[in-house]
Amino acid sequence: MRISLGYELEVRGRTREVEQQAFENVIEQVVLGDRLGFDTAWFVEHHFTRGFSHSSAPDLVLAAISQRTTRIHLGLGVVLLPFQSPIRTAERVATLDVLSGGRVEFGTGRGASPLEYQAFQRPFEKSRQIWEDSLAATLDIWRADGEPISRSNEFFEIPDVAVYPRPAQVPHPPVWVASTSLDGYLAAARHGYNLLGMTMLKGVDDVAADIARYKECLADNGFDPATRRVALMIPWYVGTARDEAADAVLWYIRRQVNLVTPPDYYDARHATHRVLGQLAAGMPPEEAMATLREHLMVVVDDVEGSRKAVARIAEAGATDLILQCQVGGLAHELVCDSMNAFMTEVMQ
């Protein structure tokens with residue numbers, strides 16, 4: 001199983017100094033992750049989410065990281081395609097791929113925030129169609145290999161232009177689709193895309209069932225499931241400061257659950273676990289953590305408990321595990337200690 005890092009870029013505090021320190025800390029953590037052998041550093045894209053995520057320009061953060069690392073892959077997790085022209089997406093992602101020597105993982109998604117759609121003047125109810133059309137156009141630009149290309153759409157225009165630079169990877173970086181719903185999993189499978197998921201909303205058992213459906217759909221559409229990757233992102237702490245980690249996780253959950261529900265998702269099981277996440281803030285901390293840990297929505301444990309959790313994630317069908325070690329403003333030193341413990345003890 002490949003082990004990666006995932007970042008929302010939380011800022012637990014209101015001052016500019018705290019915000020700037022958060023950026024410095026995550027860059028230092030990814031540099032450490034490069035040395036420790038983590039596979040990829042994934043950064044989300046969110047807008048207008050004060051405190052919860054200040055990662056509104058992940059490609060810029062990853063560009064800075066690319067100049068201080070040598071081997072770790074750089075994951076856009078994800079580019080919110082509906083909010084910009086496919087031309088700009090193709091240009092910026094390709095530039096990052098060139099700067100990093102071909103280390104980009106291209107995660108895509110449509111977002112789940114009506115406020116983002118209002119601010120970027122896109123119809124929320126058409127989010128899936130805009131995403132699908134934008135992704136297809138972006139890939140067409142890269143496959144054109146620097147030759148002029150034309151595409152016309154209700155929400156974008158590509159007027160017979162040649163787009164540069166070209167990605168270092170040929171014809172383009174690996175494509176991932178992020179989703180929290182079975183519909184999203186199946187949409188990714190129909191095109192043969194890799195999958196980015198999480199256990200936070202449904203819990204690991206229901207996610208495992210959806211992964212099985214994703215793999216069945218891959219096969220039904222002519223793709224070998226063994227050649228596709230499935231990554232699950234989970235807040236994770238391994239170490240002795242578990243009280244501090246639990247506080248950070250609960251701070252995070254209070255802000256996270258309401259932000260990641262897709263706009264057309266009505267699965268009853270999803271709703272049940274979503275309620276658990278929403279209620280966690282009102283539960284006594286021990287009860288909340290017990291519920292979240294039972295469903296592997298979070299892992300706060302020692303080395304042996306973390307090993308068991310990794311095995312359970314593998315049994316669910318994941319090929320990649322994305323650790324949110326930096327979660328909820330957890331102290332930088334504790335994050336680095338947890339990263340070290342995971343790679344030198346849990347994975348040995």
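Only this structure's heavy atoms are used, side chains among them; waters, hydrogens and symmetry mates stay out.
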* To do: Apply ring pair (Phe, Tyr, Trp, His ring centres under 6.0 Å) to His46 and Phe52, showing your working.
  => CA-CA 9 Å; His46 287 305; Phe52 171 71; 5.6 Å; yes
Would the distance check show the side chain of [X] and the main-chain N or O of [Y] forming a donor-acceptor pair, the cut-off being under 3.5 Å?
X	Y	answer
Ser53	Thr49	no
Ser127	Pro123	no
Asn340	Cys336	yes
Asp39	Arg2	no
Ser100	Ser66	no
Asp34	Ile72	yes

* Check the pair Asn25 / Gln29 against side-chain hydrogen bond (donor to acceptor under 3.5 Å, both in side chains), numbers first and verdict last. => CA-CA 6 Å; Asn25 288 348; Gln29 289 161 22; 5.7 Å; no
Counting C-beta onward and ignoring hydrogens, is there a side-chain heavy-atom pair between [X] and [Y] closer than 4.5 Å?
X	Y	value
Gln324	Ile234	no
Thr95	Val98	no
Ile253	Met200	yes
Met343	Phe38	yes
Phe48	Ser113	no
Trp236	Val327	no
Phe106	His172	no
Arg12	Tyr252	no

Partners of [X] by side chain to side chain donor-acceptor pair (under 3.5 Å), sequence neighbours excluded?
X	value
Gln118	none
Thr69	Arg103
Asn221	none

* Does Asp133 have any salt bridge (charged side-chain N to carboxylate O under 4.0 Å, His left out) partners at least two apart in sequence or in another chain, and if so, which? -> none
The criterion is side-chain contact (heavy atoms from CB on, under 4.5 Å); which residues satisfy it with [X], sequence neighbours excluded?
X	value
Val303	Val238, Arg307, Glu345, Val346
His47	Glu45, Ser56, Leu80, Glu116, Phe120
Thr227	Asp224
Asp220	none

Membership question, hydrophobic clusters at under 4.5 Å side-chain separation (ILVMFWY): are [Y] and [X] in the same one?
X	Y	value
Ile130	Ile158	no
Val299	Leu330	yes
Val175	Leu76	yes
Leu62	Val44	no
Ile149	Tyr164	no

* To do: Please say whether more than 12 non-hydrogen atoms of neighbouring residues, nucleotides or ligands are located less than 6.0 Å from CD in Gln121.
  => no
* Kindly check if the number of other-residue, nucleotide or ligand heavy atoms within 6.0 Å of CD (Glu286) is above 12? => no
* salt bridge (charged side-chain N to carboxylate O under 4.0 Å, His left out) partners of residues 148-166, not counting sequence neighbours, each pair once -> Lys126-Glu154, Asp140-Arg151, Asp145-Arg166
* When clusters are formed from ILVMFWY side-chain contacts under 4.5 Å, directly or step by step, what else is grouped with Val170? -> none
* **Glu19/Arg16 under salt bridge (Lys or Arg N to Asp or Glu O under 4.0 Å): CA gap, chis, key distance, verdict** => CA-CA 5 Å; Glu19 183 175 51; Arg16 293 176 185 269; 5.8 Å; no
* Asked: Trp42 and Glu105: side-chain donor and acceptor closer than 3.5 Å?
  -> no
* Is it true that the side chains of Glu244 and Tyr237 contain a donor and an acceptor less than 3.5 Å apart? -> no
Spatial distance of atom [atom1] ([X]) from atom [atom2] ([Y]) [nearest 0.5 Å]:
X	Y	atom1	atom2	value
Thr40	Arg71	OG1	CZ	8.5 Å
Glu125	Tyr117	CD	OH	10.0 Å
Ser181	Lys202	OG	NZ	7.0 Å
Ser134	Gln84	OG	CD	9.0 Å
Ile27	Tyr7	CD1	OH	10.5 Å

* To do: Begin from the C-alpha positions of Arg293 and Asp301 and carry the test salt bridge (Lys or Arg N to Asp or Glu O under 4.0 Å) through to its verdict.
  => CA-CA 9 Å; Arg293 290 176 65 189; Asp301 218 323; 3.0 Å; yes
Show me the donor-acceptor pairs within less than 3.5 Å that the side chains of residues 310-321 make with the rest of the protein, sequence neighbours left out.
residue	atom	partner	partner atom	Å
Arg312	NH1	Glu294	O	3.1
Arg312	NH2	Glu294	O	3.2
Thr319	OG1	Val230	N	2.9
Thr319	OG1	Val230	O	3.2
Asp320	OD1	Arg229	NE	3.3
Asp320	OD2	Arg229	NE	3.4
Asp320	OD2	Arg229	NH2	2.6

* **side-chain hydrogen bond (donor to acceptor under 3.5 Å, both in side chains) assessment of Gln326 paired with Glu10** => CA-CA 8 Å; Gln326 175 60 72; Glu10 304 102 313; 4.9 Å; no
* Which ring pair (Phe, Tyr, Trp, His ring centres under 6.0 Å) pairs, counting each pair once, include a residue from residues 16-37, with sequence neighbours left out? -> none
